[in-house]
Structures are given as C-alpha cells and as structure tokens.
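Following: one structure in structure tokens, then a few remarks.
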Amino acid sequence: MREELKAHLEFFGELGIDGVRLEPEWRRRAEPTEPTERTAPSEPIGVYESPAAALAAIRDDLGADCSRCKLHTLGRTQVVFGVGNPNADLMFVGEAPGADEDIQGEPFVGRAGQLLTKIIEAIGLKREDVYIANVIKCRPPGNRNPEPDEVEQCEPFLFRQIDTVKPKVIVALGKFAAQCLLRTNDPITRIRGREFKYRAAILIPTYHPAYLLRTPSAKREVWEDMKRVRAILSDTT
Ligand code: URA
C-alpha cells in the first residue's frame, strides 16, 4: 500500500503536481458556456448491433487506402483510424498521426502518447477505457499542420466516431483540435479552462501532450482540466 502511494506521488510529481490547493476557487466548477460547436453534420450511423460494429463500418467507409485528400500521395504509411472502448464515456481528440502513429497504425503511441496514457491513468482510468482519435487520419509530411482541404475531407469521419461512441466528455488535445472542433480562432490559452457543449458531450480543451513535453510547467493546468473531467464523469455516472 505504502509502495503504491509512493508510486502515485512520484507520478503526480512527474505531472507537475506538487501539492493540494484548498482555496474554494480551485474547487469551483466553470459554468458551461454557450454551444459553439462545429455544425457539420455527421452521416447517419445506421442500425448496427453495437457501437463496435458501427465503428467497424465507419472504418470500412473510410477505407484502408483512403485517397480523399492529397495526404495519400505525401508519404503516409497507413490510415490511423482510432482506438479504444467503443462505449467510452471519455474521448480524446488530437490533431493528426505523427511518425510513430503512422508506423504503428494507432493514435498517440509515441512520446506524447505515452504521456497521454499517464494522464489518463492519473484520473484512475486505463487507456483501454477511453476512445482516442485524431481530426485527420493520415500523417501530414514533416508533421506540418493539417490543411483545410484535408480537414474538410476527414473530419466527417471523426464526427461519426463521436456520434457512435457518444462520450460524455471530449478532451480536445491542443490548439489545432480545439480550434477545429469549436470552429474558433481563439488561442488555446483563451479556450482552455472552459467547457463547451459539443454535440451530446461536454468538450474540454487542454494542452497537447507534445506541448507538455516541451513545457512541463503547463502540466499543472492540464491536471486541473483532468480533475474537471473526472468530476464531470463521476457526476454523470
Ligand atoms: N499527436 C496527435 O495529435 N495525434 C497523435 O496521434 C499523435 C501525436
């Protein structure tokens, strides 16, 4: 037990959490703001026997050799669809696969992904409990930002994933995913710390784990966001 506690404290220390704040403002919940959701429709889910079957159908529709945008000619190894529990209450949305994801075919498996896994575990969940996807499913060359035509072709598949999994909470990882889902140009520093109604979920923007690797001091804010996620999930379950 003591070993377990020690491991937890070390882990929280690694995430940048070095104490407990008792002031009331640290416990107060942000009021949900007006919906600003991206209104692009998702195609009908259809009647499938389970969310897993619906996700399999979406993956089929997308196709292993998707050529809807130019990324299929720009060096991608494979389409990186999404991974996790088809019935998850919590979904993470990132930007696009990086080099490791492109090789392994799974989102968030590189260094940033390993940090994401720790963040998930910090709120008492396992990676397999949540669903993880990206706005676009193919790696942009040199990890450049996805371009508007690529997003336009690919995001309907993300919307279908969201409408199938029906998470209670969506965490948008980083500026790109948050701005894209919320249809805003507001900087991440302005939208993080707030919550948004998004489709049937509450969307919480937070910093991207790759940013945390470069800026460990931002882990404290991510921890605040994740505590909020944990509170919402335990309120509604
Ligand atoms: N960054 C992302 O946004 N997504 C991944 O899958 C990996 C890194």
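First listed ligand is number 1; within each ligand, the first listed atom is number 1.
The neighbour count for Asp65 CG, taken as heavy atoms of other residues, nucleotides or ligands under 6.0 Å away, does not exceed 12.
If you check each of Ala133, Gly94, Ala96, Gly82 against atom 2 (C) of ligand 1, the one with the closest non-hydrogen atom is Ala96.
Residue, atom and distance of the protein heavy atom nearest to atom 1 (N) of ligand 1 are His208 NE2, 3.2 Å. Atom 4 (N) of ligand 1 has its closest protein heavy atom at Asn134 OD1, 2.8 Å.
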*Yes or no on side-chain contact (heavy atoms from CB on, under 4.5 Å) for Phe196 and Leu181, after CA distance, side-chain angles and deciding distance?*
CA-CA 10 Å; Phe196 299 84; Leu181 291 174; over 6 Å; no
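Lys70 meets the side-chain hydrogen bond (donor to acceptor under 3.5 Å, both in side chains) test with Glu147, Asp149, Glu150; sequence neighbours excluded.
Both the backbone and the side chain of Glu95 come within contact range of ligand 1, each with a heavy atom under 4.0 Å. No part of Ala112 comes within 4.0 Å of ligand 1, judged by heavy-atom distances.
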Anything under 3.5 Å between a donor and an acceptor, one on a side chain of residues 201-215, the other on a protein residue two or more places apart or in another chain? List them.
residue, atom, partner, partner atom, Å
Thr206, OG1, Asp225, OD2, 2.5
His208, ND1, Ala210, N, 2.9
Thr215, OG1, Tyr211, O, 3.3

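Comment: Glu224 engages Lys227 in a salt bridge, judged by a side-chain N to carboxylate O separation of less than 4.0 angstrom.
In summary, the atoms of ligand 1 found under 4.0 Å from a heavy atom of Pro107, numbered by their order in the structure, are 6 (O).
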